[in-house]
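Accompanying notes for the structure given below.
The analysis underlying the following values was restricted to heavy atoms, covering all of them including side chains, and did not include hydrogens, waters or symmetry mates. Predicted model, so just to flag it, every value in this text is computed and none were measured.
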Amino acid sequence: MSAPVREPRRRSSLVRRLLALEIATVVLTAVIAGGVSAWSTRATIERDAADKVLAVAVAMAASPGLANAVAARDVPRVQAAAEGARAGTGVSFVTIMDPSGTRLSHPDPARIGETYQGTFAPAAAGATLVETFPGTLGLSVRAIVPVRDAGGGVVGMVAAGQLRVQVVDRVLRELAVLAVAAALAIALGVGLAAYAARRVKRDTLGLEPREITALHRHHEAVMAAMREGLLVLDVDTGRVVVLNGEAARLLGLPDTVDPSRAAGPTLDELGVDPALRERLADRSPVTDETVLVGERLLLVNRTDLAEAGASDLVVTLRDRTELEAMTRELDDARSVTRALRFAAHEHANHLQAVSTLIELGAHDDARALAQRWTHDLLGGADGGAGTGELRDRLADPALAALVLDKAADARDRGLVLRVGETTALTPDEAGDEQASTDRVTVVGNLVDNALDAALAGAHAGGGGGVVELDVHAHGDHVVVRVADDGPGLADPETAFTPGWSTKGTDGHGLGLALVRRVVARRGGELAVAPGPDGRGTVVTVTLPIAAQSPAASR
């Protein structure tokens with residue numbers, strides 16, 4: 001058995017560039033910080049050394065008896081005092097001299113009596129001086145102060161100094177500590193940079209910037225081209241993370257929605273239909289489930305996705321509204337076909353009877369029989385209104401065709417659809433195309449439900465099997481009234497909610513819910529009541545002829 005082929009490790013130039021940049025940044029930062037710290041430390045140490053020698057010189061000049069010893073040129077006493085101060089303070093030298101600069105003390109006794117090497121004139125005049133000067137012991141930081149007698153006159157000078165070599169040694173010791181700290185900082189920074197580079201490589205899957213850009217463009221193109229709605233929600237916050245154009249269209253959302261995990265809107269804030277919100281909040285599986293959203297039938301799928309510490313809900317939406325409409329039209333066409341087949345059979349029998357009367361010479365009887373059967377064929381189905389008469393009374397061709405189709409379907413099922421004598425719409429009362437579409441939706445669903453109820457009542461042995469339909473205008477509204485003699489509705493409010501159906505699992509329970517939503521969108525009214533004798537159901541819908549503005553209908 002051959003060994004599995006391992007994919008070559010993908011090397012990312014982006015990660016390498018980021019790693020090099022981060023390391024260079026860390027090293028440069030450490031070097032600059034170390035240099036600034038070294039310069040500051042050196043200046044501080046030199047300043048401390050100058051302050052120290054100045055304090056030693058001032059204290060020595062003010063020591064008791066020194067002025068008298070200097071004035072008397074008592075070298076042994078002055079030398080002892082200077083060396084004692086030098087040993088006690090840790091400075092490199094303490095030199096005492098007379099106003100002319102002649103040394104009265106020195107760390108090297110052989111140099112006593114020589115002239116002081118350095119600037120001493122300001123001190124001889126009564127001033128204090130701090131300077132760096134290469135003396136007999138080497139380059140040093142020194143302070144020179146005057147020694148005054150009781151009367152305030154200058155009788156001598158004291159010079160205290162710290163060799164520059166000792167100052168540099170201290171600076172180097174401090175810099176060694178700084179160098180160790182800088183090295184540790186660089187090592188830590190390089191380690192963190194390497195970790196960050198590995199994290200970036202893992203998060204970007206080793207992709208280059210141009211590849212990430214191309215993938216983003218492909219993602220946007222696919223999102224725009226998808227015929228399915230795609231909606232991604234953050235489980236923890238409920239915010240919209242991804243929303244493509246088709247999903248926005250199906251949910252009736254504006255184009256200004258800005259999905260974002262941090263600040264994206266929630267479905268509640270967007271005003272998405274409560275039916276969809278409740279279904280997505282229920283964590284039970286959702287697979288090819290039909291949900292009524294507004295007036296659309298959407299096929300919903302939901303997938304839980306947990307990755308990289310985030311938990312998301314991936315929702316896909318497919319529009320089944322047109323498919324359901326086509327299915328209904330196909331059912332209507334099948335019912336018309338059955339009705340035509342029945343009518344053809346009846347017509348053949350009628351022709352045979354007319355033909356026999358003609359052969360017997362009863363021409364007048366044959367003519368009368370043919371005229372009566374023709375009237376029955378055209379008028380009996382809709383309860384007395386012939387086909388031509390109904391089309392003349394209803395200026396809405398789609399509604400007239402729907403009523404005739406439902407009448408043929410009722411007759412084929414052994415039921416009766418009676419169209420009221422007041423049923424009529426003028427062209428002005430019919431309104432625009434949207435008004436016609438909404439009326440067809442309302443009348444079609446109400447009549448379908450009434451026919452099912454009437455059939456259930458007839459099968460229950462209660463007789464009947466009659467549905468009454470009346471459509472007429474009243475002011476600037478169209479009133480639709482549908483009555484049946486079925487068993488009635490025990491809970492009319494529940495009947496108009498999505499999912500309610502008398503057919504059990506055979507029906508979707510969406511027809512009456514669609515009726516309610518059309519009525520709500522157009523700003524109409526819906527009333528449900530029992531029949532006059534307490535049997536059956538009467539549904540009355542009032543629809544404005546003119547459509548409302550989009551703002552009012554939302």
Side-chain angles (χ1 to χ4, degrees), residues 14-15 18 192 195-207 209 211-321 497-499 513 517 520-521 550-551 553-554:
L14 169 64
V15 174
L18 286 176
L192 292 176
Y195 171 77
R198 289 196 301 270
R199 184 65 179 266
V200 169
K201 183 177 181 179
R202 186 186 67 183
D203 292 344
T204 61
L205 303 179
L207 298 175
E211 294 175 321
I212 296 175
T213 302
L215 284 176
H216 176 72
R217 291 175 178 172
H218 295 163
H219 167 78
E220 294 295 327
V222 170
M223 291 279 289
M226 284 181 63
R227 295 302 302 272
E228 289 188 353
L230 179 62
L231 176 67
V232 180
L233 303 174
D234 188 303
V235 173
D236 297 329
T237 62
R239 299 188 181 278
V240 177
V241 179
V242 177
L243 178 74
N244 70 345
E246 181 66 7
R249 184 185 72 84
L250 295 177
L251 299 177
L253 302 179
D255 297 334
T256 56
V257 176
D258 186 15
S260 169
R261 190 176 299 277
T266 64
L267 295 183
D268 291 343
E269 295 170 348
L270 294 175
V272 174
D273 193 283
L276 181 61
R277 298 204 308 263
E278 292 174 4
R279 189 63 191 92
L280 294 180
D282 184 359
R283 300 309 297 270
S284 60
V286 181
T287 303
D288 288 341
E289 185 171 319
T290 301
V291 179
L292 182 61
V293 179
E295 296 175 29
R296 293 184 180 275
L297 299 177
L298 301 184
L299 200 63
V300 181
N301 286 274
R302 184 188 66 196
T303 303
D304 294 348
L305 179 64
E307 184 176 355
S311 182
D312 294 334
L313 288 183
V314 181
V315 182
T316 60
L317 308 170
R318 280 183 287 172
D319 193 357
R320 288 198 59 181
T321 307
T497 58
R517 297 195 179 188
R521 174 170 53 80
S553 63
R554 287 186 63 86

Within the side chain of N244, is there an N or O that forms a donor-acceptor pair under 3.5 Å with the backbone of E228? yes
Using a 3.5 Å distance criterion without hydrogens, assess whether the side chain of R302 forms a donor-acceptor pair with backbone atoms of L313. no
Less than 4.5 Å apart, side chain to side chain, heavy atoms only: is that true for [X] and [Y]?
X	Y	value
V241	P259	no
V315	V232	no
L243	L230	no
L231	V242	no
N301	V314	no
V240	L233	yes
L250	E246	yes

Report the distance from atom [atom1] of [X] to atom [atom2] of [Y], rounding to the nearest 0.5 Å.
X	Y	atom1	atom2	result
L317	R249	CG	CZ	10.5 Å
L276	L251	CG	CG	6.0 Å
L270	R239	CG	CZ	11.0 Å
E278	L267	CD	CG	12.0 Å

Check ion pair D273-R517 (N to O, under 4.0 angstrom): yes
CA sep, side-chain torsions, deciding dist, call: V300, T287, side-chain contact (heavy atoms from CB on, under 4.5 Å): CA-CA 7 Å; V300 181; T287 303; over 6 Å; no
